[in-house]
> 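Right, I'll just put the structure down here and ask away after.
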Amino acid sequence: MLLLKRIAILLFLLLPNAFYAQTKLLSWNLENFGKSKSDSAINFIANTLKEYDIIALQEVVAGNGGAQSVARLADELNRKGSKWDYVISDPTSSSAYKTERYAFLWKTATIKKIGKAWLEKKYHLEIEREPFFCTFEYDKKQFTVASFHAITKSKQPETEIKYFKFLPAEYPDLNLLFVGDFNCPQSNPVFNLLRNIGYESAFVKQKTSLKKECVGSNCLASEFDNIWFNKSRIKKIASETLPFYESFPTLKEARTISDHIPITVEFLPE
């Protein structure tokens with residue numbers, strides 16, 4: 001009996017997070033997610049996503065069946081053991097660049113959506129594809145995920161990212177996480193503006209976009225996707241990337257799904 005008590009105490013000390021509810025968030029730039037995605041592609045994507053609580057998708061096409069494809073994905077997820085719901089943004093307001101939609105999907109058994117999701121309009125003139133915000137509740141704790149797809153590297157995404165430092169002050173009551181494809185590595189000095197107000201990146205020196213062709217075993221090109229959170233209000237438990245391309249015979253076939261890999265973080269809100 002004494003031995004069992006000692007083992008129980010040891011497990012409690014070594015695995016404290018196992019006794020608390022944790023949220024599993026996944027972000028994925030699903031390149032040109034629209035009617036061009038086949039049923040088999042939708043099924044593969046659903047199998048990749050099904051173990052997570054909240055999904056943030058970028059690059060849902062504004063036309064060509066983007067919204068319908070999110071509905072197809074939700075329907076496929078609903079066939080895999082859990083009930084899912086979803087919300088899709090209006091097209092982003094860009095007129096000079098490529099307008100897109102965003103989407104969130106979540107498991108209704110564990111996640112509750114709070115209020116309406118919205119495209120951030122405060123800096124829509126400065127940010128081509130303004131981020132899409134949605135507040136969720138998990139284990140009676142709320143947090144807001146802001147999903148974002150920056151302009152391409154050649155167009156200097158730093159000119160957009162610099163405005164993110166103002167968003168926590170715009171929403172002081174919200175526990176914000178910024179997720180998505182920033183087309184910019186976390187080492188870029190522009191992110192110091194977020195670090196200076198207490199934010200931290202879930203990934204460091206982690207490439208997330210796919211090369212055109214693998215060079216040996218190296219198939220990843222650039223460090224673009226990330227998840228930023230306020231370290232005083234979010235406790236990160238774990239983060240990982242999902243190298244889905246390893247399930248395909250060639251990188252060309254994998255790129256029919258996306259040219260980015262999913263990124264995930266498991267966390268405890270305050």
Side-chain angles (χ1 to χ4, degrees), residues 25-39 41-46 48-49 52-78 84-108 111 113-136 144-152 155 157 160-161 163-164 167 176-184 208-209 224-227 255-263:
L25 168 66
L26 181 148
S27 176
W28 199 356
N29 177 335
L30 276 174
E31 182 186 18
N32 292 321
F33 189 64
K35 67 179 183 181
S36 64
K37 300 298 183 187
S38 66
D39 290 342
I42 294 289
N43 182 63
F44 179 88
I45 293 166
T48 304
L49 303 179
Y52 296 87
D53 299 306
I54 302 172
I55 311 300
L57 298 182
Q58 302 89 41
E59 210 168 313
V60 176
V61 298
N64 297 317
Q68 293 87 341
S69 292
V70 175
R72 289 167 60 203
L73 176 58
D75 183 60
E76 190 65 32
L77 283 165
N78 282 327
W84 291 76
D85 202 351
Y86 65 94
V87 62
I88 306 166
S89 76
D90 291 333
T92 54
S93 61
S94 169
S95 58
Y97 199 58
K98 182 183 178 184
T99 185
E100 296 173 2
R101 298 179 189 265
Y102 299 98
F104 288 111
L105 302 96
W106 62 93
K107 286 181 178 173
T108 58
I111 300 294
K113 176 176 168 286
I114 304 298
K116 293 183 178 181
W118 71 96
L119 283 170
E120 175 51 55
K121 295 298 185 182
K122 177 71 174 181
Y123 299 103
H124 77 280
L125 296 178
E126 294 83 6
I127 300 174
E128 292 281 2
R129 292 179 294 225
E130 62 271 36
F132 187 45
F133 286 64
C134 191
T135 298
F136 298 99
T144 302
V145 183
S147 184
F148 177 58
H149 185 197
I151 53 178
T152 61
K155 293 181 178 290
E160 296 185 324
I161 295 168
Y163 290 99
F164 276 65
L167 294 174
L176 292 173
L177 297 93
F178 300 114
V179 312
D181 176 8
F182 295 88
N183 275 313
C184 190
T208 58
S209 64
F224 283 166
D225 303 82
N226 220 316
I227 296 171
R255 287 173 65 95
T256 64
I257 301 295
S258 181
D259 58 352
H260 287 247
I261 60 174
I263 58 173

> For residues 61-74, which residue pairs qualify under salt bridge (Lys or Arg N to Asp or Glu O under 4.0 Å), counting only residues two or more places apart or in two chains?
D39-R72
> Has the side chain of N78 got a donor or acceptor atom that lies under 3.5 Å from a matching backbone atom of A74?
yes
> Under the 3.5 angstrom rule, does the side chain of T108 hit a backbone N or O of W84 as a donor-acceptor pair?
no
> Under 3.5 Å, side chain of E126 to main-chain N/O of E160, donor-acceptor pair present?
no
> Any sub-3.5 Å donor-acceptor pair from E130's side-chain atoms to S93's backbone N or O?
yes
> Classify the ring geometry of W118 against F133: parallel below 30°, tilted from 30° to 60°, perpendicular beyond 60°.
parallel
> Which heavy atom of I42 sits nearest a heavy atom of S69, and at what distance?
CD1-O, 4.1 Å
> Could you measure the distance from the SG atom of C184 to the CG atom of D225? Nearest 0.5 Å is fine.
12.0 Å
> Run I127 and F164 through side-chain contact (heavy atoms from CB on, under 4.5 Å) and show every step you take.
CA-CA 10 Å; I127 300 174; F164 276 65; 4.1 Å; yes
> Is a side-chain donor-acceptor pair under 3.5 Å present for S147 with Q58?
yes
> Is the side chain of R129 donor-acceptor paired with the backbone N or O of A150 at a distance under 3.5 Å, no angle test?
yes
> Check for a donor-acceptor pair, side chain of Y102 on one end and backbone N or O of P91 on the other, with a separation under 3.5 Å.
no
> Report the distance from atom CG of N43 to atom OG of S38, rounding to the nearest 0.5 Å.
9.5 Å
> Does the side chain of E31 come under 3.5 Å of the side chain of H260 through a donor N or O and an acceptor N or O?
no
> Is it true that F148 and F132 have ring centroids separated by less than 6.0 Å?
no
> May I ask you to decide if T92's main-chain N or O and T99's side chain share a donor-acceptor pair within less than 3.5 Å?
yes
> Heavy atoms only: give me the nearest N29-D181 pair and the separation to one decimal.
ND2-OD2, 2.9 Å
> Whether the side chain of E59 engages the backbone of N32 through a donor-acceptor N/O pair (distance < 3.5 Å, no angle test) should be reported.
yes
> Between atom CH2 of W28 and atom CD1 of I45, what is the distance when rounded to the nearest 0.5 Å?
5.5 Å
> With the side chain counted from C-beta on, respond yes when L30 and I257 share a heavy-atom pair under 4.5 Å apart, and no when they do not.
yes
> Applying side-chain contact (heavy atoms from CB on, under 4.5 Å) to I263 and T208, what does each step give before you reach the verdict?
CA-CA 8 Å; I263 58 173; T208 58; 3.8 Å; yes
> Using the rule given for side-chain contact (heavy atoms from CB on, under 4.5 Å), can you reason through I55 versus L57, listing the C-alpha separation, both sets of side-chain angles and the distance that settles it, and then say yes or no?
CA-CA 6 Å; I55 311 300; L57 298 182; 3.6 Å; yes
> Write down the atom of V70, the atom of F33, and the distance for their closest heavy-atom approach.
N-CE2, 3.7 Å
> Should the ring pair F104 and F136 be called parallel, tilted or perpendicular, given that the plane angle runs from 0 to 90° and is split at 30 and 60?
perpendicular
> Hey, could you give me the OH/CD distance between Y163 and E120, rounded to the nearest 0.5 Å?
13.0 Å
> For K116, does the NZ atom sit with more than 12 other heavy atoms under 6.0 Å from it, leaving out its own atoms?
no
> Closest heavy-atom contact between W106 and I111?
CD1-O, 3.6 Å
> Show your working on side-chain contact (heavy atoms from CB on, under 4.5 Å) between V87 and K113 and close with a plain yes or no.
CA-CA 10 Å; V87 62; K113 176 176 168 286; 4.3 Å; yes
> How far does CZ of F44 sit from OG of S258, to the nearest 0.5 angstrom?
11.0 Å
> Looking only at atom types and distance, does a side-chain atom of K37 sit under 3.5 Å from a main-chain N or O of T256, one as donor and one as acceptor?
yes
> What is the distance from atom CG of L49 to atom CD1 of I54, rounded to the nearest 0.5 Å?
13.0 Å
> Looking only at heavy atoms, what is the nearest atom pair of I161 and F182, with distance?
CD1-O, 3.7 Å
> Which pair of non-hydrogen atoms, one from N183 and one from P157, has the smallest distance, and what is that distance?
O-CG, 3.2 Å
